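One is the number of the first residue; the rest follow in order along the sequence. Keep in mind the model is a prediction, meaning the values are calculated, not measured. Every heavy atom of this structure was used, including side-chain atoms; hydrogens, water molecules and symmetry mates were not.
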Amino acid sequence: MTLWGFTYFAMQYLLATGRVVSAPAFAAKDAHPQAAWGLFWYTLFLLWGITLGIAARQRLRAGRR
């Protein structure tokens, strides 16, 4: 989950800096105002992955005691 969310933000950074260019088939879709929903949803993926990782780590630590 964390990797999926992080990859989205890495790609958005690369698009914003001009290091990569969207394919013509996706350029209109990327410029659409609803593309901002990606920020919301992929932020949730990122946070969900981080919290699941923290929970798993705590569970492993509790099991060793």
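In the hydrophobic cluster analysis, where Ile, Leu, Val, Met, Phe, Trp and Tyr join through side-chain heavy atoms closer than 4.5 angstrom, F6 is grouped together with W4. Note on F45 and I54: same hydrophobic cluster, where clusters join Ile, Leu, Val, Met, Phe, Trp and Tyr whose side-chain heavy atoms are under 4.5 Å apart, directly or indirectly. When hydrophobic clusters are built by joining Ile, Leu, Val, Met, Phe, Trp and Tyr residues whose side-chain heavy atoms come closer than 4.5 Å, directly or via intermediates, L52 is not grouped with L44.
The side-chain hydrogen bond (donor to acceptor under 3.5 Å, both in side chains) check on S22 picks up D30, with sequence neighbours excluded.
Taken from CH2 in W41 to CH2 in W48, the straight-line distance is 11.0 Å, to the nearest 0.5 Å.
Taking a 6.0 Å sphere around CZ of F9, one finds it holds more than 12 heavy atoms contributed by other residues, nucleotides or ligands.
Counting only heavy atoms from C-beta outward, the side chains of L39 and Y42 never approach each other to under 4.5 Å.
Taking each heavy atom of L46 and T2 in turn, the nearest pair found is CD1-O, 3.5 Å.
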